[in-house]
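Take a look at the structure below.
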Amino acid sequence: MKRLDLIFSERELDAIIKTLEKANVPGYTVMKHATGRGPERVVTEDMEFTGLGANAHVIVFCEQELIDKMRDNIRDDLSYYGGVAYISEATPL
Amino acid sequence: MKRLDLIFSERELDAIIKTLEKANVPGYTVMKHATGRGPERVVTEDMEFTGLGANAHVIVFCEQELIDKMRDNIRDDLSYYGGVAYISEATPL
Amino acid sequence: MKRLDLIFSERELDAIIKTLEKANVPGYTVMKHATGRGPERVVTEDMEFTGLGANAHVIVFCEQELIDKMRDNIRDDLSYYGGVAYISEATPL
Amino acid sequence: MEINPILQNVLAPPVLFFLIGAISVLFKSDLEIPAPLPKLFSLYLLLAIGFKGGIEIQKSGFTDQVLPTLSAAILMSLLIPLIGFLILRFKFDVFNSAAIAAAYGSISAVTFISAESFLESQKIAFDGFMVGALALMESPAIIVGLLLVKFAAPKNRPKSRKMHLSAILHESFLNGSVYLLLSSLIVGFLTASSNPSGIAKMEPFTGQLFYGAECFFLLDMGIVAAQRLPRLKNAGSFLIGFAIFMPLFNAFIGVFVARFLSLGPGNALLFVVLCASASYLAVPAAMRMTVPEAKSSYYISTTLGLTFPFNIVLGIPIYMSLVNTIIPLSPS
Amino acid sequence: MEINPILQNVLAPPVLFFLIGAISVLFKSDLEIPAPLPKLFSLYLLLAIGFKGGIEIQKSGFTDQVLPTLSAAILMSLLIPLIGFLILRFKFDVFNSAAIAAAYGSISAVTFISAESFLESQKIAFDGFMVGALALMESPAIIVGLLLVKFAAPKNRPKSRKMHLSAILHESFLNGSVYLLLSSLIVGFLTASSNPSGIAKMEPFTGQLFYGAECFFLLDMGIVAAQRLPRLKNAGSFLIGFAIFMPLFNAFIGVFVARFLSLGPGNALLFVVLCASASYLAVPAAMRMTVPEAKSSYYISTTLGLTFPFNIVLGIPIYMSLVNTIIPLSPS
Amino acid sequence: MEINPILQNVLAPPVLFFLIGAISVLFKSDLEIPAPLPKLFSLYLLLAIGFKGGIEIQKSGFTDQVLPTLSAAILMSLLIPLIGFLILRFKFDVFNSAAIAAAYGSISAVTFISAESFLESQKIAFDGFMVGALALMESPAIIVGLLLVKFAAPKNRPKSRKMHLSAILHESFLNGSVYLLLSSLIVGFLTASSNPSGIAKMEPFTGQLFYGAECFFLLDMGIVAAQRLPRLKNAGSFLIGFAIFMPLFNAFIGVFVARFLSLGPGNALLFVVLCASASYLAVPAAMRMTVPEAKSSYYISTTLGLTFPFNIVLGIPIYMSLVNTIIPLSPS
Ligand SMILES: Nc1ncnc2c1ncn2[C@@H]1O[C@H](COP(=O)(O)O)[C@@H](O)[C@H]1O
Ligand SMILES: Nc1ncnc2c1ncn2[C@@H]1O[C@H](COP(=O)(O)O)[C@@H](O)[C@H]1O
Ligand SMILES: Nc1ncnc2c1ncn2[C@@H]1O[C@H](COP(=O)(O)O)[C@@H](O)[C@H]1O
Ligand code: NA
Ligand code: NA
Ligand code: NA
């Protein structure tokens, strides 16, 4: 089993969730209000009221095949607006 | 060292924490207001005001033995209301 | 690639971010309002209004060398006020 | 039924803000009221409704009408879930039928205050003790729902959740929103009895601010309801029909009960609205915990996505004309 | 220019709270207004400004002055971004120039209400329909900014984001803050037309509470602005100069347009402030989504870290004396 | 001591809402006021207390009584932590003793405003400058606590945190809640001096809304206090006794100081309440950062779980009868 961590602007959330749903992932978890800094852009929470929004952190536990299936779409989603995606190993309890 | 990720309905938090405390985990971290979708149920943040609540994401760094000790209790806690639990490797800094 | 998880009191956030920036990490993500229990101290969210604050959870995806570079500084930051730091494996999508 | 009262209802700020919220979803605006701000307004409204209701009950005292009306209210909240259950069992299993039925037996506080606003704008009098009916109709429906599950559910339910009476009562009366409404009502009552100067000091918060806070909350409710609506497609046409038919049916029973109780037109409308409205706060929260077998999307999407908007926008003026038709103008 | 009005402006609670917020950052106090509380106040202010503006417009009706003023406002919000763009292109690429220019063409609602508070404290009359100008100046600047990107951007922009007119209009009118302001304005207008009793019931929320909520929000704005200021160092002195010079320049054009329109001193100040203020809500949110090539730290740090404080603290009294100098005291 | 004032105190809305919150925990209701909403009310109360206090100080001017009273207040906040420290050292190490003692030397703003509400309901006059005493008693206790740590702590404290005077002053005056209270007081003072019309415009926010917001915040405080109470079991009976005895002891000293100062009964009660109350905002936040060796559960659970409820429910009327007994009815 794999764990996929996606971190990106909250406003891309709908697009990412659509990608996940299309791939039929067994589930996902969304944590909003994350802030941070990437190689290019800065998002600070204190600016959230502006509607600039913060980041969302999405966690997906799923099989490697599903990740392979989604790879291109997710990269597409993230390539334009930024954001990161990492995979790690995970074993169900 | 292991890392245990638990994601489940916030209203089960007390039960899960009791399980963790009983097993004498060295510590744990709780992040509330997580939302997401599982194989059966949908939780959306925009509904939080209803008291339906969102999910909690609990992270525990501990030894494998502790996890083995807690496995049955956690599975019990999660089996009825849903929620997921995954283990991965982690090394202290 | 590695994933570094730091969990510590929100009020140490500035110090930790300074440490990260000095090491030139490619980016980081901050999630505030985390609560939890460590070996010694208790932080409960219901106390957040007191200014005691909650914990911050910082995630950094970066190379092992960077982590080695930061290790002493981070340990220093965490040694006094508490907090935990764990490393795990991660592969970019 | 005239068109005028409907239009007049729609053109009141609370309903307009509800529509604005709903339209923002339709047009894919990124307008958002982030959590936990809606919870702030939801807690505030319950506290203010309860507090003001407690004051009114203390002021009006227990007149002749109070006891019969409150008893009838409780009766309706026991009866409606039973009828709803029988109807829903044609299509759904015991768990879903009981959960949905309980929601329709219970009430929606925001629908109630929308009806009060409507009456005020129409200059029709009503009594403060009706908030007592509101408060008393929340719990019985939950109890009936849980008892239905307890007795009608298949025998092989997992042991861990075989419900005890104590658990049922706990969910019914100590649910956060029920508890806050009931206890604020007691605070209001005690304040009015023993500390009348406290009323004036609370008035700007619980009184003057109320209408605006209601608008703000309805703006969010509009967003939420419109986000919920599409999910009803999966629920099927039976449930969609139920979400419109059941309130009308309950209103119909309610108006005859109100006539039997000789309620004036204001109280009668509130009584009918309590019967017709469905819970999206207390009941779903209780059901999610105690009947996880039921799909929350069923009982939330119907009450919040369809029944609530229907009542707010069209229902209240329809019920008003129903009241005016069925209940002869009493001299009260 | 006298020093007195500046001091008087600074000594008003909203400006004082803004300074308190800024000083807390300077002194490294850990004062913090955690998210999403600032969003609550930001949504509230937009709703209240829109609602009250809608009422005023309905009340004042479409007098002779309304149409010319609103047209001039729209014109200014089309013109300013074009001028800004030409200036900025000396130093920045198309993306950054367009994004920054759009921010300066649009408006800041909080600057506007600060100007209203200033006028009230000076007992200078102004008209409610100026809120209409506020509402109308948000979208055109966004449209111009996006059109500039569409036509001036290098041809090798990634396909996925080749902007269609529909996307441009969507970002311009359905952006959360634009949508809330515009729709609250409509709600206010409809309420005033058809349900005047609703105005009185909203008054405690949208009226009486407003000044205090403004103070609370400005406390947070002070914190945010002071946190932003240091980031301007990276932006370079050209941009820092632009952030002060551009508002003054726009004010200068604005005051002559106001003279041409024969606006009274109150309306004239508001018109000038609309020209001089820059957006840190709607435009940045829209630009971040549609022009990700532009650095958000450029268009936010300038508008929020420099232009906004400058306008709030010094700009408004300066523009007032400008108005008094350029516009001969009309009998209106 | 009569029972009537206690009952009358308990039957006021703020205390009732506090009890409702506490009872909800006892009965395991899931009533919750999610973060950061309590912070909103906490910030609001500090801002409003400070602002109104500043106005009152400006209005009343520096009368004969002001300087002696404020000096005595500061003195008490220096003295109480020293006494507390000596008592606590019987059982606790330097770090815990200093941190707990500092909390009891400082004040609780919500206890103070509860005493004000009590006086208003009893129609006993008091002066606005007492808010100045409130503001001035926060920092000295923190300073004493940190100095105690600096000089009494074992010499092998980690180097990194050897406290410098500048760090001590920073924690004492720039702590978020201290800073907001002090600076709002200055804003209130400046507004009253130079911009009196600003007072009326703030009044609905800082004045009329205050009582209701206090109730809402106390509802949350009731929840938090009741959640804290069980943790006191681990703290042992010495600390539990200290949490009740120390306020009474401080009240006792305070009432004689008040008599010496010839304060009227209203001001005397407020002075006594300041002495008797303990901080759960500024001091714990400062101690957590600067004295991490102290267990936060000690200094928070005592102040919040025991001393605060004791003062709110029983203490205030007890102190009132103490004042009435010790201080001869002065003609003021
Ligand atoms: N190396 C990293 N480690 C952790 N989070 C990151 C990293 N790089 C970027 N992020 C997160 O991804 C968001 C978007 O980054 P960017 O793609 O630079 O806009 C940032 O705001 C961070 O929250
Ligand atoms: N495969 C998954 N990956 C990540 N989160 C999940 C996954 N499955 C379920 N969850 C989370 O666990 C919660 C409960 O799921 P469920 O057990 O279906 O009720 C969901 O709301 C998600 O937040
Ligand atoms: N073993 C652990 N697993 C997960 N989180 C932990 C663990 N130990 C400590 N923490 C987190 O780190 C914070 C600080 O812990 P401490 O160092 O004990 O003050 C706690 O509040 C927890 O959120
Ligand atoms: Na009903
Ligand atoms: Na402008
Ligand atoms: Na004290």
Side-chain angles (χ1 to χ4, degrees), chain A residues 1-36 45 48-49 51 53-67 69-70 73-74 77 84-93, chain B residues 2-10 16 19-20 23 25 29-48 53-60 62 64-79 81-91:
Chain A
M1 218 49 176
K2 302 286 173 185
R3 169 200 173 114
L4 176 62
D5 282 283
L6 305 169
I7 305 174
F8 51 84
S9 163
E10 271 185 18
R11 288 188 61 172
E12 286 299 284
L13 190 53
D14 283 348
I16 293 279
I17 285 182
K18 215 173 277 172
T19 300
L20 297 179
E21 294 284 5
K22 228 173 48 196
N24 261 319
V25 295
Y28 52 83
T29 295
V30 179
M31 274 166 300
K32 291 173 128 192
H33 310 297
T35 57
E45 186 182 2
E48 250 188 292
F49 72 89
N55 292 335
H57 177 191
V58 171
I59 303 173
V60 188
F61 294 105
C62 65
E63 300 295 345
Q64 178 70 48
E65 301 93 86
L66 270 177
I67 294 183
K69 230 172 85 184
M70 298 185 289
N73 285 333
I74 293 180
D77 287 340
V84 293
Y86 284 90
I87 308 167
S88 39
E89 292 294 325
T91 329
L93 180 80
Chain B
K2 300 288 172 180
R3 168 200 174 115
L4 175 63
D5 282 283
L6 305 169
I7 305 173
F8 51 85
S9 164
E10 271 186 18
I16 292 278
T19 300
L20 297 179
V25 295
T29 296
V30 179
M31 274 167 299
K32 291 172 128 193
H33 310 297
T35 56
R37 190 181 68 67
E40 289 154 61
R41 288 175 207 92
V42 183
V43 182
T44 13
E45 188 182 2
D46 53 58
M47 292 298 298
E48 250 188 293
N55 293 335
H57 178 192
V58 171
I59 304 173
V60 188
C62 66
Q64 178 70 48
E65 301 94 84
L66 271 178
I67 294 183
D68 295 336
K69 229 171 85 184
M70 297 186 290
R71 179 170 283 115
D72 290 345
N73 285 332
I74 293 180
R75 277 192 187 155
D76 246 35
D77 288 339
L78 299 185
S79 68
Y81 287 117
V84 292
Y86 284 89
I87 309 168
S88 39
E89 293 294 324
T91 328

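Residue numbers start from 1 in every chain, and the chains themselves are labelled A, B, ... in the order their sequence lines are given, proteins ahead of strands.
- Within residues 57-64 of chain A, the residues approaching chain B closer than 4.5 Å by heavy atoms are, in numerical order, I59(A), F61(A).
- For E21(A), the salt bridge (charged side-chain N to carboxylate O under 4.0 Å, His left out) criterion is met by R37(B), not counting sequence neighbours.
- Neither the backbone nor the side chain of L78(B) comes within contact range of chain A; no heavy atoms are under 4.5 Å apart.
- Contacts between I87(B) and chain A at a heavy-atom distance below 4.5 Å involve backbone atoms as well as side-chain atoms.
- Going from atom CG of L93(A) over to atom NZ of K2(B) covers 12.0 Å, rounded to the nearest 0.5 Å.
- Pairing each heavy atom of A90(A) with each of S88(B), the nearest pair is CA-CB, 4.4 Å.
- Of the atoms belonging to D5(B), it is side-chain heavy atoms, and not backbone ones, that fall under 4.5 Å from chain A.
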Test side-chain contact (heavy atoms from CB on, under 4.5 Å) on Y86(B) and R3(A) and set out the steps. CA-CA 9 Å; Y86(B) 284 89; R3(A) 169 200 173 114; over 6 Å; no

